[in-house]
Asker: 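Here's a structure for you.
Within every chain, numbering begins at 1; the chains are lettered A, B, ... in the order of the sequence lines, protein sequences first and strands thereafter. For clarity, every value in this text was computed on a predicted model and none was experimentally measured.
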Number of protein chains: 2
Amino acid sequence: MSTSKPDRQRLSRDLVLRSALTIADREGSAGLTMRLLSTELGVVPMALYKHVANKDELIDGIVDLVWAEVEPPDASGDPAQWRPAMRARAVSLRETLRRHPWAVGLMETRMRPGPANLAQHNAMMGCLRRAGFSFRNTVHVTSVLDAYVYGFALQQQTLPFDTAEESGEVAQQKLEQQPAELAELAARFPYLIEVVAELATAGYDYDAEFETGLDLILDGVQRLRPEWVGGSGA
Amino acid sequence: MSTSKPDRQRLSRDLVLRSALTIADREGSAGLTMRLLSTELGVVPMALYKHVANKDELIDGIVDLVWAEVEPPDASGDPAQWRPAMRARAVSLRETLRRHPWAVGLMETRMRPGPANLAQHNAMMGCLRRAGFSFRNTVHVTSVLDAYVYGFALQQQTLPFDTAEESGEVAQQKLEQQPAELAELAARFPYLIEVVAELATAGYDYDAEFETGLDLILDGVQRLRPEWVGGSGA
DNA sequence: ACCTGAACACCGTTCAAGT
DNA sequence: ACCTGAACACCGTTCAAGT
């Protein structure tokens, strides 16, 4: 036993970033601290600074790890099939944001986009350009689709239920638990309560809701280029 | 001079919240600390805790102050004019988020919606219900519009320029400054660079971009209820 | 009822030193 | 080249005390 500390993996930028991502997924963005990260790596806080300039760069790093998980639109596919390709990318982006909820407020706020982010948007714009969209419309489509996915993910974090069944239960509980408080709310916000009550009995499905809005937007996008009304083959 | 500290306003929940909002606007969300807030109010940190349970409640409070700035759709208007009303509300929400950029990641993430938030969404759902939208479609429309506005505001925070002229300058500088780096980027991300270059020379206008996407979505919304194709009168 | 003082358990990060 | 120790200037918040 001449070598000491044989059980600890040698630190590397990649190991640091991956551990940070694991912590963020488990503890949320507020729970990710340099000090916790260092202790989980069996190391003193300052050891991290050899592999990462500071916490900001650490976050840039893990945000790009998240971007790398988003499936880009298939570049080898038929250009006329831009719509299913764009749809699948939007769904993949949303699923990725669901796996890393802490990232939603950060993905587009980071000032220095990483290589995975650039590659992702390059693939997206390539898909649209090859399909015949103008420069300007390529920007419009990217802008509106990404905005929708982000905003939807942001909204989903607020609501206190995760599944359709749960939505009904939660509303039912609220209704039975505080009838007095509810009566006051109903007086002040009649339309809101009415819609929420209806929603609760019918059940609320995030996936279906997301896809309804997505298809509504894709219909609008398709109208931007009337030459091709939806791909040639299928 | 028998009374001491005559110049300091007496603390109140409202004063605390308004001061916190001012600091958040000036310093960003990370710059808003209980300690800075207390010194700006000429008081010891612990004094705040008489008026606000903790920092989380403080943030809930200022987020609701922001909601109160959003213009609700006019309830007294012609129900058939739901489209301009919805459009104006989306624009107002975006302008509010521009005035308080720190709030974008927080407005929909807060778990306990405040009264201004509830009132805002009640007005929105009332406008849609009176216009004849079904419960389910009212939810669809609210969901897709809010998601778009949030996501757009989130995206706008990333980009390193604010005005159309600036966008051209920034791109021009990048182009002249690091031609070698740019060449490498162009090789790896050809579509992205091509679109960005085109955008830079033509200029990029956030307001126009936002309204293009908004109108695309409103077209889709209008197709949800074919009975009224755009209001009766005008 | 409202504010203060001192303290606790945390942060990110610098600087000089160890191996 | 990589990691450590001690320190600094910050956090939010509790608890007991002042007026």
Asker: Please state how far atom CD1 in A:I23 lies from atom P in C:dC11, giving the value in whole angstrom units.
Answerer: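 It works out to 11 Å between those atoms.
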Asker: Go through C:dC2, D:dC11, C:dG12 for me and flag the one nearest to the A:T33 side chain.
Answerer: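 The answer is C:dG12.
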Asker: Closest approach to the side chain of B:V44, judged atom by atom: which nucleotide of D:dT13, C:dC11, C:dG5 is it?
Answerer: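 Selected nucleotide (nearest to the side chain): C:dG5.
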Asker: Can you sort out the partners of A:F189 under ring pair (Phe, Tyr, Trp, His ring centres under 6.0 Å), two or more places apart, ordered by chain and number?
Answerer: none
Asker: What is the separation between atom CZ on A:R13 and atom P on D:dC2, rounded to the nearest whole Å?
Answerer: 14 Å
Asker: Return the nearest nucleotide to the side chain of B:L11; candidates are C:dC3, D:dC11, C:dG12.
Answerer: C:dC3
Asker: Output the rounded distance in Å from CE (A:M34) to P (D:dT4).
Answerer: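 After rounding, the gap between these two atoms is 14 Å.
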Asker: Would you call B:E95 and B:R99 a salt bridge, using N to O less than 4.0 angstrom?
Answerer: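 No, no charged N to carboxylate O under 4.0 Å.
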Asker: Going by an N to O cut-off under 4.0 Å, is there a salt bridge joining B:R136 and A:E198?
Answerer: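 Not counted as a salt bridge, because no side-chain N and carboxylate O are separated by less than 4.0 Å.
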Asker: In residues 45-55 of chain B, what residues come within less than 4.0 Å of DNA chain D, judged by heavy atoms?
Answerer: B:M46, B:Y49, B:N54, B:K55
Asker: State whether B:D64 and B:R110 are salt-bridged, where the test is any N-O pair (Lys NZ or Arg NE/NH1/NH2 against Asp/Glu carboxylate O) under 4.0 Å.
Answerer: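 Here B:D64 does not pair with B:R110 in a salt bridge, since their nearest N and O are not under 4.0 Å apart.
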Asker: Should the pair B:R112-B:E57 be classified as a salt bridge under the 4.0 Å nitrogen-to-oxygen rule?
Answerer: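 No.
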Asker: Counting runs of three or more consecutive pairs, Watson-Crick or G-U wobble, with each distance below 3.5 Å, where are the stems of DNA chain C?
Answerer: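 Looking at DNA chain C, the stems formed by three or more consecutive pairs are C:4-8 with D:12-16, C:12-16 with D:4-8.
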Asker: Do we see a donor-acceptor contact under 3.5 Å between the side chains of B:D146 and B:H121?
Answerer: yes
